Structure formats: structure tokens, C-alpha cells
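Keep in mind it's a predicted model, so treat the numbers as computed, not measured.
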Amino acid sequence: MTQLEFLQTEIFKELTNLNKKATVAKEYKFAEADFATLLERAEYNGLGIYSITTWLKRTTFGTITHEDQSKKATDARWYNRAFITMKMRQEGLSYAADFKVPAKLMARLNPVVRTRYSEEE
């Protein structure tokens, strides 16, 4: 399972993607209510978010990164605070995030199958 497949099945499930041409996770755009749900799911699954980008009608409104907040990408406090800040700044925004799916989570989703090779005599 790839990172995008994981995000589509676990995080983006039942949410409406506003960007129908999206080919990578950070291109998926969501309305405010859907993005709030997405952030809850990201926190529950231990995902990190590198940046949150907002749009107002088809133009970029602003971007906040975890580095701007001096926090780790996996610290849910920074992205929840950034979401509230953007939400208060302007109504009617659409939101996108650049995700970090931890390697341990991906390893759990993609177990390595080990086989024993026997030599034929």
C-alpha cells in the first residue's frame, strides 16, 4: 500500500475532494468541515503535516508550515492551531495539507513476507 492509497482509504474516506485533478496527496483540497475531520483522523493515526495551504476561490490565500510554528510535523498542536487561525482569518476557504506518513505505519501496512528457501538435493 502506498502513502496515497493509505490516505485515500483511511484519512480522505467519505470526504469531498474539491480538486478533481489531484494526483498527489498535497493537491487534495477540502472544505472547512471536511478538513476538520481530516485533521482529527491525522492526529488519531499519528500522521504529521508539513504544511497547510488555503485557497479562496481558486487563488492561494496562505500557507503555514510546521517550521513557521517551530514544531515537529507530527505535533498535532501546531496544525490544529494553524487551522483555527486560518478559519478565523477568512470564511469560505478550502484547505490542503502536505502529509508525513510515518515509516513505522507504512511498514505495518506493508508487511514483508519472508520465505525459507530450501536447497533441493
Show me the side-chain donor-acceptor pairs of residues 21-29 shorter than 3.5 Å, one per line, residues at least two apart or across chains.
from	atom 1	to	atom 2	distance (Å)
Thr23	OG1	Glu27	OE1	3.3
Glu27	OE1	Thr23	N	2.9
Tyr28	OH	Gln8	NE2	2.6

Enumerate, atom names and distances included, each donor-acceptor pair closer than 3.5 Å involving a side-chain atom of residues 93-104, sequence neighbours excluded.
none

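Judged by distance alone, the side chain of Thr37 and the main-chain N or O of Ala33 form a donor-acceptor pair under 3.5 Å. Between the side chain of Arg41 and the main chain of Leu7, no donor-acceptor pair closer than 3.5 Å is present. Using modelled atom types, no side-chain atom of Glu43 and backbone atom of Glu40 make a donor-acceptor pair closer than 3.5 Å.
With a 4.5 Å cut-off on side-chain heavy atoms, Phe12 and Asp34 do not count as touching. Between Asn45 and Ile11 the shortest side-chain heavy-atom distance falls below 4.5 Å. Taking 4.5 Å as the limit, every side-chain heavy atom of His66 sits out of range of all side-chain heavy atoms of Asp75. Considering only heavy atoms from C-beta on, Tyr79 comes within 4.5 Å of Leu39 through its side chain. You'll find the side chain of Tyr50 stays beyond 4.5 Å of the side chain of Thr65, heavy atoms only. Between Thr53 and Thr60 the shortest side-chain heavy-atom distance falls below 4.5 Å.
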Side chain to side chain contact (heavy atoms under 4.5 Å, CB included) between Phe35 and Leu15, worked out: CA-CA 8 Å; Phe35 198 73; Leu15 303 178; over 6 Å; no

Intermediate values then yes/no, side chain to side chain contact (heavy atoms under 4.5 Å, CB included), Thr54 and Thr63: CA-CA 6 Å; Thr54 56; Thr63 300; over 6 Å; no

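Every residue two or more places apart in sequence or in another chain was checked for a salt bridge (charged side-chain N to carboxylate O under 4.0 Å, His left out) with Asp68, and none qualifies.
From Trp55, atom CH2 reaches atom CD of Gln90 across 15.0 Å, with rounding to the nearest 0.5 Å. Residue Gln3 holds its CD atom at 9.0 Å from CG of Leu47, rounded to the nearest 0.5 Å. If you take CZ on Phe30 and CG on Asn17, they are separated by 5.0 Å, rounding to the nearest 0.5 Å. The structure places CG of Leu56 at 12.5 Å from CZ of Arg58, a figure rounded to the nearest 0.5 Å.
Linking Ile, Leu, Val, Met, Phe, Trp and Tyr whenever their side-chain heavy atoms come within less than 4.5 Å puts Leu4 and Ile49 in one cluster.
In terms of heavy atoms, Phe61 sits closest to Arg89 at CE2-CD, 4.1 Å.
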